[in-house]
**Q** 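Before anything else, here's the structure in question.
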Amino acid sequence: MLSLTPEDIQAILLSLKVALTATLLSLPLGFATAWLIVFRPLRGKMLLEVLVNLPLTLPPVVIGYFLLLLLGRNGWAGKFLDAWGMHLVFTWKAAVIASATVGFPLLVRSIRLGMESIDRQLIQASRSLGASWLDTLLTVVLPLSVRGILAGSSLMFARSLGEFGATIIVAGNIPGLTQTIPLAIYDYASSPSSTMMALSLCIVSVVISVSVLFMHEMLGRNLERKESL
Amino acid sequence: MKLQIDVIKTQGNFTLQAAAAVEGQRIGIFGQSGCGKSTLVHLVSGLLQPDRDEIAIDGETLFSSAKNISLPPEQRRIAIVFQQAMLFPHLGVKANLLYGYKRCRTANRRIDPAAIIDVLQLEPLLKRGVNRLSGGEKQRVALGRAVLSNPRLLLMDEPLSALDDALRFQIIPYLKSVSAEFGIPYLFISHSVLEMQLMTDRILVMKDGKVTEETTPDQLARNRMAASQTGYLNLLHLHRPSMENGLYSYPWGTGNLLVSDGIAEKTSLFELSSRDIILFKQHPEAISARNLLECTVMELFRSDGRVGVVLSTFGEKLIAEIVRSAADELDITEGSTIFAAIKASSFRRLD
């Protein structure tokens, strides 16, 4: 029933690779950003929040276009990378950057929710017991944010799997190279004879998404069980 | 321990302006909620920065705006016992206990985990998760965790407020014995006169962000006798009662007290309100109250509209409270003899 061509399988693997890389790369930065917003008395905190959340409201195509301007040969970051012999645009790495940018607000939002539920007195207790702020961050804040981190990662991973607008502009739609599942479906959908092919990839998409959500739920329950011991 | 504070801190429309120098092992900070007690705790522990001036313990400056010194909390070696136990929920009892100990320099480790586990009777709790502990057990673990960080000072920020009465008086002996046994001075913060009487030797009284007086627990209780709902609370440690007509007869000084709510073969702490002592000028022939004590008036003191009468009987001391007109009618003067009647049910057992 499922008919997948070798290109389709490549697209599936690439999608997973892009989503996973984007999520893993964003995690440390997302954690640090959430920590800044929740625990640091910052001037201009509102500006930071607006910036972090901006990709959530901007059309992904706009984000993709900005990234293209930024990373392209004449772009500010592109020139810098060029000097190091790196070309990101129209490679799978560009797809990673597109996914990371679009999913970042979701990641920060979830981690932040987790951090906000941490009692400040736990942090004060840790400090007064001799832990420096970094020690406290690693031994109290991080373990108590695990649920938020988990939720944020699943959301971001799922969002990355579905990334289309920004990716097609900055990474293109090159089969076997930068074509992810949504881009492949887009290709199939534009020719009437490929309905079955498109549907197959759609089913794969649904299966992956459902698996991610299931895994998230299961890990969450595991944590809950551990805590009640 | 000698604590010197001279700080100013403004938060919103509240300003704390506290200056005090106090010496002792068991220092109380007394005041109603909102008077700035907690702000003071945060300033001393370093969790909050004063706007200016100085904080020093035993001559070491922890904070000084003039000398530009501000030790971070982790370097102050001041542990806090909070109102809620604040145990780390992701760690077990043992890991919680050792959290501060592991971070304490080897040279400063004077207190052995085994000793504290013994004193606080924590052995049966060690294998349990912290979410499976009762309120009193949690507070014991929190106390052990604070002490094991080998602090030079313990800050107890209303550590008993979240516990019910029965538990509160079970925890007090632990708080006292830990400090005494390991020689750690403490600041005990509370709005309860009774807790001040039980836990402290010297007290700083705070009101509206200022330290208004330095006093002793007894003086504090006397001053607040008239205003308090319970009057002055006489505290009596009584032990080894015998039974007498269904009542417990406790030896007290050179005599005995009859108490209805005692426990055999155990030392118990009782409170007796100054308002539950009835004074007679002459020996009444027969009364229902089971304790009739012949007393000498040692001292009289005023507390708002009331008169406190310090009585000496059986070589012990009690404080009774009467209104001024009663004092005039009874013609009580220092040195006069008077009879005090106390019902056996007026002694309230605390632990």
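Naming: A, B, ... by sequence-line order, numbering from 1 per chain. Just so you know, these numbers use all the heavy atoms, side chains as well, and skip hydrogens, waters and symmetry mates. Just so it is clear, the model here is predicted, and its values are computed rather than measured.
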**Q** Give, as side chain, backbone, both or neither, the part of Leu87(B) having an atom under 4.5 angstrom from any heavy atom of chain A.
**A** backbone

**Q** Give, for atom OG1 of Thr139(A) and atom NZ of Lys102(B), the distance between the pair rounded to the nearest 0.5 Å.
**A** 10.0 Å

**Q** Please evaluate residues Arg103(B) and Asp135(A) with respect to the criterion side-chain contact (heavy atoms from CB on, under 4.5 Å), reporting the C-alpha separation (whole Å), side-chain torsions for both, the decisive distance (0.1 Å), and the verdict.
**A** CA-CA 10 Å; Arg103(B) 287 162 175 79; Asp135(A) 190 351; 2.7 Å; yes

**Q** Applying a criterion of heavy atom separation less than 4.5 Å, what residues of residues 111-123 of chain A form contacts with chain B?
**A** Asp119(A), Gln121(A), Leu122(A)

**Q** Please state whether the side chain, the backbone, both or neither of Phe82(B) comes within less than 4.5 Å of a heavy atom of chain A.
**A** side chain

**Q** Nearest 0.5 angstrom please: Gln75(B) CD to Arg127(A) CZ, how far?
**A** 9.5 Å

**Q** So do the side chains of Ile78(B) and Ser128(A) get within less than 4.5 Å of each other, counting heavy atoms only?
**A** no

**Q** Is it the backbone or the side chain of Leu47(B) that comes under 4.5 Å from a heavy atom of chain A, or both, or neither?
**A** side chain

**Q** So, taking the atom named CG in Leu144(A) and the one named CG in Leu91(B), what distance separates them when rounded to the nearest 0.5 Å?
**A** 8.0 Å

**Q** Got more than 12 heavy atoms from elsewhere within 6.0 Å of CZ, Phe14(B)?
**A** yes

**Q** What do you reckon, is CZ of Arg109(B) surrounded by more than 12 foreign heavy atoms closer than 6.0 Å?
**A** yes

**Q** In Å and rounded to the nearest 0.5 Å, what is the CZ to OG distance from Arg145(B) to Ser126(A)?
**A** 8.5 Å

**Q** Provide the closest heavy-atom pair for Gly130(A) versus Glu74(B) in the form atom of the first, atom of the second, distance.
**A** C-CB, 3.4 Å

**Q** Looking at every heavy atom in both Tyr99(B) and Thr136(A), which two are closest together, and how far apart are they?
**A** OH-CA, 4.4 Å

**Q** Check for a donor-acceptor pair, side chain of His90(B) on one end and backbone N or O of Leu142(A) on the other, with a separation under 3.5 Å.
**A** no

**Q** Just so I know, are the side chains of Gln124(A) and Met86(B) near enough to count as touching, which here means a heavy-atom distance under 4.5 Å?
**A** no

**Q** Counting only heavy atoms not in Lys176(B) (residues, nucleotides, ligands), do more than 12 fall under 6.0 Å from its NZ?
**A** yes

**Q** Give the interface residues of residues 40-66 of chain A toward chain B, defined by a heavy-atom separation under 4.5 Å.
**A** none

